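What follows is a single structure, written as structure tokens, with notes after it.
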Number of protein chains: 2
Amino acid sequence: MSTTPSSPVTHADRFARAREAQSVALLEDYAELIGDLHAEMGEARVADIAARMGVAQPTATKAVSRLKREGLATSRPYRGVFLTDTGTALADRVRRRHRTVVSFLVAVGVPEDVAELDAEGIEHHVSDQTLSAFDRFLSAGTPED
Amino acid sequence: MSTTPSSPVTHADRFARAREAQSVALLEDYAELIGDLHAEMGEARVADIAARMGVAQPTATKAVSRLKREGLATSRPYRGVFLTDTGTALADRVRRRHRTVVSFLVAVGVPEDVAELDAEGIEHHVSDQTLSAFDRFLSAGTPED
DNA sequence: TTTGAAACATAGCCTTGGCTATGTGGCATG
DNA sequence: CATGCCACATAGCCAAGGCTATGTTTCAAA
């Protein structure tokens, strides 16, 4: 009664969604990073992935396995890691979303370094609809751009 | 140039912080929920906690154990769960932050239901500085309030 | 061509946060 | 006052995402 049981979206639903988002967050980050490494140095080595993510090398290896299992990346032993088309699309989408979130936070008065820090966590929970709102806010706020 | 590698705050640092935030996120949610249940029904039973969080009952029990271990809650077997002063303070802080985030999202054009959904994940990654910016934005945007 | 260091893989362990199945305590009701 | 049901606890399992320690490849340099 107190929880408006007739509501289509329950408290529990929201938590379930947040849990879901969190479970794909790391995959998104790894995919984006691999894309960045390819752009910056022409290839993505496990050692570089580990260094950039701030994790031990076996942790990066395990993450790559998960990416492969999800169809986002490919790799052969002792060679670099490559994104599949799906993985590349994901990386691009994540990168764009990240930039939008950071720009948006800065636009509403968050210091750049703080925006960069917070965006890393926030971005994974920003739905398409919210992202659109951010985009609209940005284009409305910078007509002289 | 896209990732400003010369920055004192590295890519890895940001991920570490996001990981940190995620590890306390659930504790925050459980604490807030227990506070809500006390406010709504005078007590917080494990069964209600589980139902609201959308998890099985043993999962809620385990979460309560963690809360107790962290000094946020107390409980005796087969009795309700109670927040400590620290837990209450945390719950209040989380609740206020949640409301601010939702209000802010709505203020920038996100539909209410979507704001509610996204806030559940976003709020845990909003730093004090970013929260202040949201507050400032809200008071600036509603001078007639 | 050998070899040694760096890069990578693998094994095995931990914690967290889910789950199901099953044991136990508390309390209302017959 | 007995007993059955519901609430809760406990045991044991799983996957994810960390870690260290230790094999295995690769490659460049001697």
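It should be emphasised that the depicted structure is a prediction, and the values quoted were computed from it without experimental measurement. Protein chains get the first letters and strands the later ones, always in sequence-line order, with residue 1 at the start of each.
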Quiz item: Want to settle it: does B:Gln22 or A:Gly80 sit nearer the 5' end of DNA chain C, counting the closest nucleotide to each?
Solution: A:Gly80
Self-check item: Rounded interatomic separation in angstrom, taking CZ from B:Arg79 and C1' from C:dG26
Solution: 8 Å
Quiz item: With a 4.0 Å cut-off on heavy atoms, is B:Ala47 in touch with a base, just the backbone sugar-phosphate, or nothing at all?
Solution: sugar-phosphate
Self-check item: Donor + acceptor pair across side chains of B:Asp85, B:Thr88 (<3.5 Å)
Solution: no
Quiz item: C:dG17 C1' sits how many Å from A:Leu26 CG, rounded?
Solution: 15 Å
Practice problem: Nearest-nucleotide wise, let me know which of A:Ala63 and A:Pro77 is further upstream toward the 5' end of DNA chain D. | Solution: A:Ala63
Quiz item: Is any side-chain N or O of A:Arg19 closer than 4.0 Å to OP1 or OP2 of C:dG17?
Solution: no
Quiz item: Where do B:Asp135 and B:Ser132 land on the side chain to side chain donor-acceptor pair (under 3.5 Å) test, with the steps shown first?
Solution: CA-CA 5 Å; B:Asp135 270 327; B:Ser132 300; 5.8 Å; no
Exercise. Return the 5'-most residue of the pair A:Gly54, B:Lys62 with respect to DNA chain D, ranking by each residue's nearest nucleotide.
Key: B:Lys62
Exercise. Find the distance between CG (A:Leu90) and CZ (A:Arg97) and round it off to the nearest 0.5 Å.
Key: 8.0 Å
Exercise. Starting at atom CD1 of A:Ile49, determine the distance to atom C1' of C:dA9, rounded to an integer number of angstrom.
Key: 14 Å
Exercise. Provide the start and end nucleotides, 5' to 3', of the part of DNA chain D that has atoms under 4.0 Å from heavy atoms of chain A.
Key: D:dA16 to D:dC27
Quiz item: When all nucleic acid strands are considered with a 4.0 Å heavy-atom cut-off, which category describes A:Tyr30: base, sugar-phosphate, or nothing?
Solution: sugar-phosphate
Exercise. Could you tell me whether the side chain of A:His124 reaches within less than 4.5 Å of the side chain of A:Val24, counting heavy atoms only?
Key: no
Practice problem: Would you please classify the geometry between the B:Phe82 ring and the B:His38 ring as parallel, tilted or perpendicular, with 30° and 60° separating the classes? | Solution: tilted
Quiz item: Tell me: CE of A:Met41 to P of C:dA7, nearest whole Å?
Solution: 12 Å
Quiz prompt | Degree of bending, the helix from C:dT1-D:dA30 to C:dG30-D:dC1 (end axes from five pairs; round to 10°) | solution = 20°
Quiz item: Applying the side chain to side chain contact (heavy atoms under 4.5 Å, CB included) test to B:Ile49, which of B:Val55, B:Leu33, B:Thr61 qualifies?
Solution: B:Leu33
Practice problem: Quick one: pull up CZ in A:Arg45 and CZ in A:Arg79 and give me the separation to the nearest 0.5 Å. | Solution: 8.0 Å
Practice problem: Please work out if A:Arg69 contacts a base, only the sugar-phosphate, or nothing of the nucleic acid, heavy-atom cut-off 4.0 Å. | Solution: sugar-phosphate
Quiz item: Counting just side-chain N and O atoms, does B:Thr59 come under 4.0 Å of either OP1 or OP2 of C:dG17?
Solution: no
Quiz item: Of the nucleotides C:dA7, C:dG17, C:dC19, which has the atom closest to the B:Arg66 side chain?
Solution: C:dG17
Practice problem: Report yes if a donor N or O on one partner sits less than 3.5 Å from an acceptor N or O on the other, where the partners are the side chain of A:Gln57 and the base of C:dA7; otherwise report no. | Solution: no
Self-check item: Centroid separation B:His125 to A:His125 less than 6.0 Å
Solution: yes
Practice problem: Could you tell me whether the side chains of B:His98 and B:Glu32 share a donor-acceptor contact shorter than 3.5 Å? | Solution: no
